[in-house]
Amino acid sequence: MAGGAIVNTRGGKDYPGKLTLFVFLTCVVAATGGLIFGYDIGISGGVTSMDSFLQKFFPEVYKKEKSAKSTNQYCKFDSQLLTTFTSSLYLAALIASFFASVVTRTFGRKWSMFGGGLVFLIGAALNGAAKNVLMLILGRILLGVGVGFANQSVPVYLSEMAPARLRGMLNIGFQLMITIGILAANLINFGTAKIKGGWGWRVSLALAAVPAGIITLGALFLPDTPNSLIERGHSEEAKHMLRRIRGTDDVDEEYDDLVVASRESERVKHPWANIVKRKYRPQLTMTILIPLFQQLTGINVIMFYAPVLFKTIGFGDDASLMSAVITGLVNVFATFVSIFTVDKLGRRKLFLQGGSQMLVCQILVGTLIAIKFGTSGEGHFSKSYAAFVVLFICVYVAGFAWSWGPLGWLVPSEIFPLEIRSAGQSINVSVNMLFTFVIAQVFLAMLCHMKFGLFYFFAGWVLIMTVFIALFLPETKNVPIEEMILVWKAHWFWGKFIADDDIHVGNVEMGIDRSKNNI
Ligand code: BGC
């Protein structure tokens, strides 16, 4: 057996080394990059429902909302101008992620994180101090740029730092921080909405500086990944780093494999031209479809509009905000389930279980709403009936939180070879942002037109994506990141796209366990 590397029975090659405190801490710091994204997802819905904010920046919307006396519950909150404001951030993030891919590849993952944090910080300051709509929108664009850079670099950083058998767990730190950011924002809005002087929204927006400060400062202290150091020609430093993060001197084998990957990477001068080559078709397909499907689960309908949705089904103001806090808590705690199971059960089982759970809940919620509101949108929920709806929404959120939420960031960051990893991750971020934008834009109008059918619409998509995963996603748990190509090569469908001489992994034995990897 050449070089002694074995693809183990769990489907991956085992390198020596353990989870060191050093790698754990660097991953925790890097994962805080998720806070800025989460904070933003959670904060805008609450702020745009504050009267003082609307009066100052969107007086027309405010007037309309106050004078509207429609009894149709489905159409109460349909306002395009506001959704445009909210979702402008996602367009900025979409574009920024392409620039981030160049920075991440050329200067390292660390500087993308640092830059993202810094730009976000400036955006938060502009927003908190906003005197007119222009400042507000400019601030929002900067926030978007920050999110684009952070989401492009953090997942890749985490996947490269982690030892293969714990990669899922450490990578999901990013999603955990997203959910903590969302929850913190919900709680802050709950408090600032009560501020009498009409400046509560300023506090909400300015506090975005806190998570931004954390990742900006944190990034300064982070080392870069061995993969990126080798790719940029710092071989000695890379070896030193690998010893440090694996807690052993016995890293030659992993190091050699990284060097092989890096040599391949060097030959690719134009990742964007390369990524469309036939041999990368499986990864390209996944990095487009996974974020697309993640958004088509309908999760952001809950994340952005939970208060509005709860008001729609007859909750009072406070109860609506409270329910948003409840779904936020479920989101955080359920994420731990994936942290502790993703490297044991694997990605596929979580995808399939979480998807089925979401599907059932969506059908139940849609039906419960249909029974009371029908198609006219007129009706009323009793307290216990509403409690059932909230319960099923929580079970739905939990299903997302241990499947499509974390895996939507983990899987695309771990399936690409080094030479196109940065480019692949930008596609992931931009597709994610594009569809976050689309959902934010059209949800209120869709609710107004499709009524309870909206829940069936998302349920239909969840069914499609679950079948897709069952058929086309091979298991990637425990497989070293630079050897992932073996998993694709062995897959019943994707194998056809990869020729034998496309495979240049170091000392590897083609011993992947087919039954364990669904291939
Ligand atoms: C998604 C976000 C979503 C969040 C909810 C993330 O993985 O990308 O769009 O709002 O999960 O926790």
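Counting starts at 1 for both ligands and their atoms, in listed order.
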**Request:** Considering the heavy atoms of Phe400, write down every atom of ligand 1 situated less than 4.0 Å from one of them.
**Result:** 5 (C), 11 (O)
**Ion pair Arg421/Glu414, N-O distance below 4.0 Å** = no
**Asked** Does the gap between the ring centers of Tyr396 and Phe392 come in under 6.0 Å?
**Response** no
**Request:** Considering only non-hydrogen protein atoms, determine which one is nearest to atom 10 (O) of ligand 1 and report residue, atom name and distance to 0.1 Å.
**Result:** Asn300 OD1, 2.5 Å
**Fill in**
min-distance protein heavy atom vs atom 11 (O) of ligand 1 -> Gln175 NE2, 3.2 Å
**Message:** With heavy-atom distances below 4.0 Å as the criterion, list the atoms of ligand 1 near Thr179.
**Reply:** 12 (O)
**Item:** ligand 1 atoms in contact with Ile41 (distance to a heavy atom under 4.0 Å)
**Value:** 2 (C), 10 (O)
**Asked** Can you tell me the protein heavy atom closest to atom 8 (O) of ligand 1 and the distance?
**Response** Gln294 OE1, 2.9 Å
**Asked** Looking at Arg109, Gln425, Gln152, Lys110, which one forms a side-chain hydrogen bond (donor to acceptor under 3.5 Å, both in side chains) with Thr104?
**Response** Gln152
**Complete:** Closest non-hydrogen atoms of Val462 and Thr297, given as atom of the first, atom of the second and distance, are CG2-CA, 4.0 Å
**Request:** Using a 4.0 Å heavy-atom threshold (strictly under), name the region of Phe37 that reaches ligand 1: side chain, backbone, both or neither.
**Result:** side chain
**Asked** Considering all heavy atoms of both residues, which atom of Pro406 and which atom of Ala401 are nearest to each other, and what is their separation?
**Response** CD-O, 3.2 Å
**Request:** Using distance alone, decide if ligand 1 has a nitrogen or oxygen within less than 3.5 Å of any nitrogen or oxygen in Trp409.
**Result:** yes
**Asked** Step by step, would you call Thr179 with Asn331 a side chain to side chain donor-acceptor pair (under 3.5 Å)?
**Response** CA-CA 6 Å; Thr179 62; Asn331 197 17; 5.3 Å; no
**Request:** List every atom of ligand 1 that sits less than 4.0 Å from any heavy atom of Asn432, numbering the atoms from 1 in the order shown and giving each element.
**Result:** 8 (O)
**Request:** Note the single closest protein heavy atom to atom 12 (O) of ligand 1, along with its residue, its atom name and the distance in Å.
**Result:** Asn331 ND2, 2.9 Å
**Item:** Closest approach of Leu142 to Leu126 (non-hydrogen atoms, all atoms of both residues)
**Value:** CD1-CD1, 3.9 Å
**Request:** Give a yes/no verdict on whether any heavy atom in Gly408 is under 4.0 Å from an atom of ligand 1.
**Result:** no
**Prompt:** Any luck finding a side-chain donor-acceptor pair between Ser153 and Ser112 under 3.5 Å?
**Reply:** no
**Asked** Taking all non-hydrogen atoms of both residues, which atom of Ser403 and which atom of Gly354 are closest, and how far apart?
**Response** OG-CA, 3.6 Å
**Asked** What residue and atom, counting heavy atoms only, is the protein's closest point to atom 5 (C) of ligand 1, and at what distance?
**Response** Ile182 CD1, 3.7 Å
**Item:** For Gly405, the ligand 1 atoms whose distance to one of its heavy atoms is below 4.0 Å
**Value:** 7 (O)
